[in-house]
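Input: a single structure, listed below in structure tokens.
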Amino acid sequence: MKAAYQNLHEFIRALQQAGELLRIEAPVSTYLEITQITDLASKSPGGGKALLFENVIESDFPVLTNAFGSDRRICMALGVPSLDALAQRLQRFVQLEPPKSFADAFRLLPMGLDILRAIPRKLKRAPCQEVVYRGKDVDLTSLPVLTCWPQDGGPFITLPVVITRSLVTGRRNAGMYRLQVFDASTTGMHWHIHKDGSHYYQEYRKTPTRMPVAVAIGTDPATTYAATAPLPRGVDEIMLAGFIRRKPVPMARCLTVDLEVPAEAEFVIEGYVDPDELRLEGPFGDHTGYYSLVDEYPVFHVTALTHRQNPVYPATVVGRPPMEDCYLAKASERIFLPLLKTILPEISDFWMPWEGVFHNATVIAIDKEYPGHARRVMSAIWSQGQMSFCKVAILVDTDMDLSRPREVFKTILNELDLEADLYIAEGILDVLDHSAPDALFGGKLGIDATRRVAGERDRTEPATPVPIPEPAVVERAAKEVSPHLVASYAPAMEARNRLLVLNFKKNGKVAGRKLVNKLFKHPDLAAFSIFVLYDSNIDLKDGSLLLWKAFNNVDPKRDIVKTGGRILIDATKKGREDDHHRPWPDDIVMDQEIVERVKKRAKELGIEQFLA
């Protein structure tokens, strides 16, 4: 397998040779149509194929999507047979011991070469500057920028490597921050408040000085991935890309700003951000599966647009998982496990379920040694870098196979003492979390599903199981509790803690948690210990949908009620009756006309396989 691709074109050729690329020659629109086709591919078994749209309406440039969107393609992109192989390489550095003798020093030579290869090198002539537009000649509307979803505020550049430099330390950040194209020469700059780009921006605000910014679109795949990686502040993403590639990333000086960009990029946008200028940006159909709301963000003014001869414009489409970004996140999960172990060596593995959209849920396997160990790890996780955004931390024993989700959840349901093993706290949340009453801060849930060790109180012995009533009896009981409980379903998973999910048709007056006493007291519902409420339009038999809604819609402090060894979880959309006064974002749903149009054109587009 090739370890390093010189540029995106070389990666595209490798995808073609591996049978991982579908070329679409029929004309397609950047307005919703490419998104719908990509979404079908992303949600196909195994992630479908990478898509190269060769005939984009009103554009001279082809568009590439879903290039990273499968287990095989993410490994190809990073030049490894498996993600764990790359993690093992990183672990060797983390566990490096000094040589015991001169002869032993030769053992370290290959690692030293790895470090040297990670250092970027400078080129005087760069392919990314073969075609140059400056000043008034710049026209961002010439790029095939996608409008992904019906409620999006406009077209967004979704796969950029945004390069900035600290005014204080001079260190570089290469991060991935979306850019809403406002017009021919300005975009939004979506720096989340917790990200490095935003931190550097705040440095410039204190001066105030114009902040130089460069955006590389279509870098080699390792560099594109590195821009998404959750590195500690000040660690150079370009060096991470070089480490992954085992080959330096060639860099070139920009033409109008004092920054360097990957020389082999397809496109480069140069310009500046005025620290005092903000503009409304959004909405945007985000990776959470919801629209992120309109808010004020800095404005990026373009001073130059350059590109290679015959460039390809890469884009990613995000939305309800699974999507391409799930595989980028999976790479980070595997690659950064060794680094997490250096801080918390008791961690043997961790897993971020796709339904948790990376920051809402993490399952962590630990080698438990002493009483309260699981609680300690929860607290530590909630204070570590980007892991601090995790809303639900689930602790299991080290012998749990995290690659078997059903067994993981069954074990959790069997181990939990609902009175003693749920730890509700408060802390920082990702800016995209919409469930908490206040932005950026809210409830967190720690779940201790580890086995008890000496010195810990035994779990309460479960009561003698009550037979589960027939579905019709359960349905009738639910409606006796409230006429707004319009449907119910008990998943077929025999466990200590039995689960009942219910559709709750909200009327804007009654909060779900107000039903807790009636639910717990009804004799025909005594067989169940966990009740989860969902909106009336939710399919109660779609397990992935249920997890996605629960992880996204629940603020643990407000929406979980526990008493007498039973709990109620309200995973519905919240409003004023729930003491939720922030705007609640809409689910991302494609325009039905676009859905039907793509379906009718399936044969012409060559995508029948994604509709099977």
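Position 1 is the first residue of the sequence, and the numbers go up from there.
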Is the side chain of D325 donor-acceptor paired with the backbone N or O of L328 at a distance under 3.5 Å, no angle test?
no

Between R308 and E266, does at least one N-O distance fall below 4.0 Å, as a salt bridge requires?
yes

Run the salt bridge (charged side-chain N to carboxylate O under 4.0 Å, His left out) test on R334 and D349 for me, step by step, so that the C-alpha distance in whole Å, both residues' side-chain angles and the decisive distance to 0.1 Å come before the verdict.
CA-CA 9 Å; R334 295 295 87 202; D349 201 358; 2.6 Å; yes

Would you mind reporting whether L32 and C148 have side-chain heavy atoms less than 4.5 Å apart?
no

F610 meets the ring pair (Phe, Tyr, Trp, His ring centres under 6.0 Å) criterion, sequence neighbours left out, with none

For the pair D84 and R89, find out whether any cationic side-chain nitrogen is under 4.0 Å from an anionic carboxylate oxygen.
no

Sort out for me which residue in I163, T306, V161 forms a side chain to side chain contact (heavy atoms under 4.5 Å, CB included) with V261.
I163

Ring pair (Phe, Tyr, Trp, His ring centres under 6.0 Å) contacts touching residues 320-340 (sequence neighbours left out):
Y327-W354

Run the salt-bridge test on K2 and E10 with the 4.0 Å N-O cut-off and return the result as yes or no.
yes

Test: E54 and R23 ion pair at under 4.0 Å:
yes

Rounded to the nearest 0.5 Å, what separates atom CG in L78 from atom CD1 in I244?
5.5 Å

For atom CD of E58, decide whether the heavy atoms of other residues, nucleotides or ligands shown that lie under 6.0 angstrom number more than 12.
no

Indicate, with yes or no, if the rings of Y291 and F284 have centres closer together than 6.0 Å.
no

For the side chain of R72 and the backbone of A18, is there at least one donor-acceptor N/O pair under 3.5 Å apart?
yes

With under 30° as parallel and over 60° as perpendicular, where do the rings of F11 and F68 fit, or are they tilted in between?
tilted

Nearest-0.5 Å distance that lies between atom CG in N66 and atom NZ in K49
11.0 Å

Taking atom types as modelled, is there a side-chain donor on E324 or T316 under 3.5 Å from an acceptor on the other?
yes

Which side chain to side chain donor-acceptor pair (under 3.5 Å) pairs, counting each pair once, include a residue from residues 214-225, with sequence neighbours left out?
T219-T224, D220-T223, D220-R245, Y225-S332

Any ion pair linking E333 and K330 (charged N to carboxylate O, less than 4.0 Å)?
yes

Can you measure from CD (Q36) to OG (S29) and round to the nearest 0.5 angstrom?
13.0 Å

Residue pair F53 / I37, side-chain heavy-atom distance below 4.5 Å
yes

For a side-chain hydrogen bond (donor to acceptor under 3.5 Å, both in side chains) check, start with the C-alpha distance between E355 and S544, then their side-chain angles and the critical distance, and finish with the verdict.
CA-CA 7 Å; E355 292 84 358; S544 178; 2.9 Å; yes

Mind checking the CD1-OG1 spacing from I588 to T288? Nearest 0.5 Å is all I need.
6.0 Å

Excluding sequence neighbours, so at least two apart, what forms side chain to side chain donor-acceptor pair (under 3.5 Å) with N553?
Y290, H434

With sequence neighbours excluded, tell me which residues meet side chain to side chain donor-acceptor pair (under 3.5 Å) with D139.
T141

Is there a donor-acceptor contact under 3.5 Å from the side chain of K391 to the main chain of L445?
no

Once rounded to the nearest 0.5 Å, what's the spacing between atom CG of L140 and atom CD1 of I269?
5.0 Å

Only counting residues at least two apart or in another chain, list the ones meeting side chain to side chain donor-acceptor pair (under 3.5 Å) with K444.
none

So E604 and R601, salt bridge (charged side-chain N to carboxylate O under 4.0 Å, His left out) or not? Walk me through it.
CA-CA 5 Å; E604 174 194 4; R601 298 186 62 204; 2.9 Å; yes

K549 pairs by salt bridge (Lys or Arg N to Asp or Glu O under 4.0 Å) with which of D542, D539, D587?
D587

Under the criterion side-chain hydrogen bond (donor to acceptor under 3.5 Å, both in side chains), I'd like the reasoning laid out for H190 against E281: C-alpha separation, chi angles, the key distance, then a yes or no.
CA-CA 8 Å; H190 193 88; E281 185 257 22; 3.2 Å; yes

Tell me yes or no: between the side chains of D183 and T186, is some donor less than 3.5 Å from an acceptor?
yes

Checking salt bridge (charged side-chain N to carboxylate O under 4.0 Å, His left out) for the pair K603/E608: CA distance, chi angles, key distance, verdict?
CA-CA 6 Å; K603 185 174 182 180; E608 296 105 318; 5.9 Å; no

Expected output: side-chain S388 to main-chain G385 donor-acceptor under 3.5 Å
yes

Charged N to carboxylate O below 4.0 Å: is that the case for R178 and D286?
yes

How are the rings of F389 and H194 set to each other: parallel, tilted or perpendicular (split at 30° and 60°)?
tilted

Hey, what's the ring geometry for Y313 with F267, parallel, tilted or perpendicular (30° and 60° as the breaks)?
perpendicular

Once you round to the nearest 0.5 Å, how far does CD1 of I238 lie from CD of E260?
10.0 Å

Check this for me: does any side-chain nitrogen of one of R597 and E593 sit under 4.0 Å from a carboxylate oxygen of the other?
yes

State plainly whether the residues D535 and K573 are in salt-bridge range, i.e. N to O under 4.0 Å.
no

Is it true that atom CD of E407 has more than 12 heavy atoms of other residues, nucleotides or ligands lying nearer than 6.0 Å?
yes

CD1/I57: more than 12 non-hydrogen atoms of other groups inside 6.0 Å:
yes

Do L546 and V532 make a side-chain contact, defined as non-hydrogen atoms from C-beta onward lying under 4.5 Å apart?
no

From CA spacing to verdict: side-chain hydrogen bond (donor to acceptor under 3.5 Å, both in side chains), E264, Q6:
CA-CA 7 Å; E264 291 282 352; Q6 184 175 352; 3.0 Å; yes

